[in-house]
Undergrad: 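Handing you this structure, nothing more for now.
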Amino acid sequence: LGRVPVAVRLRATWFSGKMRPMEYRVAQLEALGRFLDEKKQDILEATAADMGRVRGGLGTGGPHAEFTEILLCKNELHETLNNLSRWMKDKHVDKNLVTQLDSAFIRKDPYGVVLIIAPWNYPIYIILVPLIGAIAAGNCVIVKPSEMTKNSERLVAEALPSYLDNDCFAVVTAGVQETTRLLENKFDYIFFTGSPSVGRIVMAAAAKHLTPVTLELGGKNPCYVSDTCDVQNVARRVAWGRFYNAGQTCIAPEYVLCSVEMREKLLPALHKAITDFYGPKPQESPDFGRMVGDKHFQRVQTLLRSGRAVIGGQTDEKDRYIAPTVLVDVQPSDPIMQEEIFGPVLPIVTVANVDEAIDFINSRERPLVVYAFSSDDKVVNQVLERTSSGGFCGNDTLMHVTLTSLPFGGIGNSGMGMQHGKFTFDTFTHHRGCLHRGMGREALIALRYPPYSQQKLGLVRAAAGRVGPWWLVVAPRSRLWGERG
Ligand SMILES: *[C@@H]1O[C@H](CO)[C@@H](O)[C@H](O)[C@H]1NC(C)=O
Ligand SMILES: *[C@@H]1O[C@H](CO)[C@@H](O)[C@H](O)[C@H]1NC(C)=O
């Protein structure tokens, strides 16, 4: 780990063991809490400026950002502080006959020096949630915020180090090239949130050092709407999930699957929901965001060529504004159905029934979340049982992410590993299997030593007949490992 000076500093701290005591971890977590309290206004302004949520004055980066960037982080922090002593404790486990008098336990060891790479779409939240777990688990942490969101990046780089112990913690600002070099260092764990394509690069770099990874990636999250449900409620819940943060949310519903009949009912309901939320001119709404950058704006604008816009469709390049848009007549092969949209555009794809919807979902990469709406529980359960995805939410969107009791993470193309609450702590914890034995009782143990006589073997067989584990304990090593000769 010699290339980046901060990495050298953190490695030295790791060997010193400074971050292991619980009191130390708690103090650092409490400092994170102070960062959230004291810098709240700065955080809201930075994220609002980055995500174009600000419309003259403070506008609303406002309640929007406060919920995700501040409240959800505090929620994680409280949960962690309340439970840390329990999570950290050695877990004593079942023993076999020969270890009855010994001590067998799982030690919750930190990994060491870990790297957290965050994306731009929730510039504080997606850094802090893994950071809380990494500190709680006793690691030294290097954080790399996204270079796309300059205001948040600066805030994190300048303010966070004044709260945390810099022996154990560092912020590295880096673009693509510097990040590539950063990844050449040997870390003990890498936690990456971002796109599947960059996830592959990170995992390949990690493979060189056999470094374990968590990859929180995106995907195209399907949202099945059955023929029986309260259409207006569904429309509000889907529109909220899709247009929150102008669609730049990894768990947003990416497209709706429903019958032609439901589509005809859903369209006016979606129109009403969008107007209720953002008024007749969403561009003037303080609650509707902008595309994070020009490149991103152009990419989403190009995607609008798929299908036909029946709601929205307007764009304004100077303002990086894309109206809340609903598309129909979208073909599964259209570009908008190939890549993650990550913008305020909702295509509706029609299917004949729930079976066809399930086939459609299963013919594609596994998404981060599957949504299903129906007033019939059987339909929701059918979608749950016959599909595979990182998470699932029935009858609503996004809300599963707010529970720290649920693991959050992807599967297949949407990632690997999990976070939130204790799951983040466990992600950054090596579960070290430990056995402390007494030095006595040698006569009992002698059975396992060569030379092996028929008499010994007989004893072993008799014992194994009753208590399986004996066999393993006394079996010659060569036979245990299946070696020859
Ligand atoms: C964390 O602690 C709270 C009480 O402070 C408790 O209700 C909750 O179940 C705990 N969570 C875990 C995962 O242990
Ligand atoms: C979905 O919502 C409907 C209407 O409130 C309800 O009848 C149904 O039980 C819900 N389904 C699930 C799986 O909770």
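For this chain, numbers begin at 1 and follow the sequence in order. In each ligand, atom 1 is the first atom listed, and ligand 1 is the first ligand listed.
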Undergrad: May I ask you to check if ligand 1 and Asn83 share an N or O to N or O distance below 3.5 Å?
TA: yes
Undergrad: Under the ring-ring contact (aromatic ring centres under 6.0 Å, His included) test, which residues partner Tyr163, sequence neighbours left out?
TA: Phe35
Undergrad: Between Glu69 and Lys40, is there a salt bridge with N-O shorter than 4.0 Å?
TA: no
Undergrad: By number and element, which atoms of ligand 1 are closer than 4.0 Å to a non-hydrogen atom of Glu79?
TA: 11 (N), 12 (C), 13 (C)
Undergrad: Using a 4.0 Å cut-off to any heavy atom of Trp87, which atoms of ligand 1 qualify?
TA: 12 (C), 13 (C), 14 (O)
Undergrad: With sequence neighbours left out, what residues match Asp90 under side-chain contact (heavy atoms from CB on, under 4.5 Å)?
TA: His92, Phe105, Arg107
Undergrad: Is the distance from the ring center of Tyr189 to that of Phe428 below 6.0 Å?
TA: yes
Undergrad: Could you tell me whether Arg236 and Asp276 have a side-chain N and a carboxylate O separated by less than 4.0 Å?
TA: yes
Undergrad: Write out the protein residues near ligand 2, meaning a non-hydrogen atom under 4.0 Å from one of its atoms, in order of chain and number.
TA: Ser374, Ser375, Asp377, Val380, Asn395
Undergrad: Are any of the side-chain nitrogens in Lys74 or Asp37 under 4.0 Å away from the carboxylate oxygens of its partner?
TA: yes
Undergrad: Going by the side-chain hydrogen bond (donor to acceptor under 3.5 Å, both in side chains) test, which pairs reach into residues 334-354, not counting sequence neighbours?
TA: Arg299-Glu339
Undergrad: Atoms of ligand 1 less than 4.0 Å from Asn82 heavy atoms?
TA: 5 (O)
Undergrad: Indicate yes or no: does Lys422 engage Glu79 in a salt bridge with an N to O separation below 4.0 Å.
TA: no
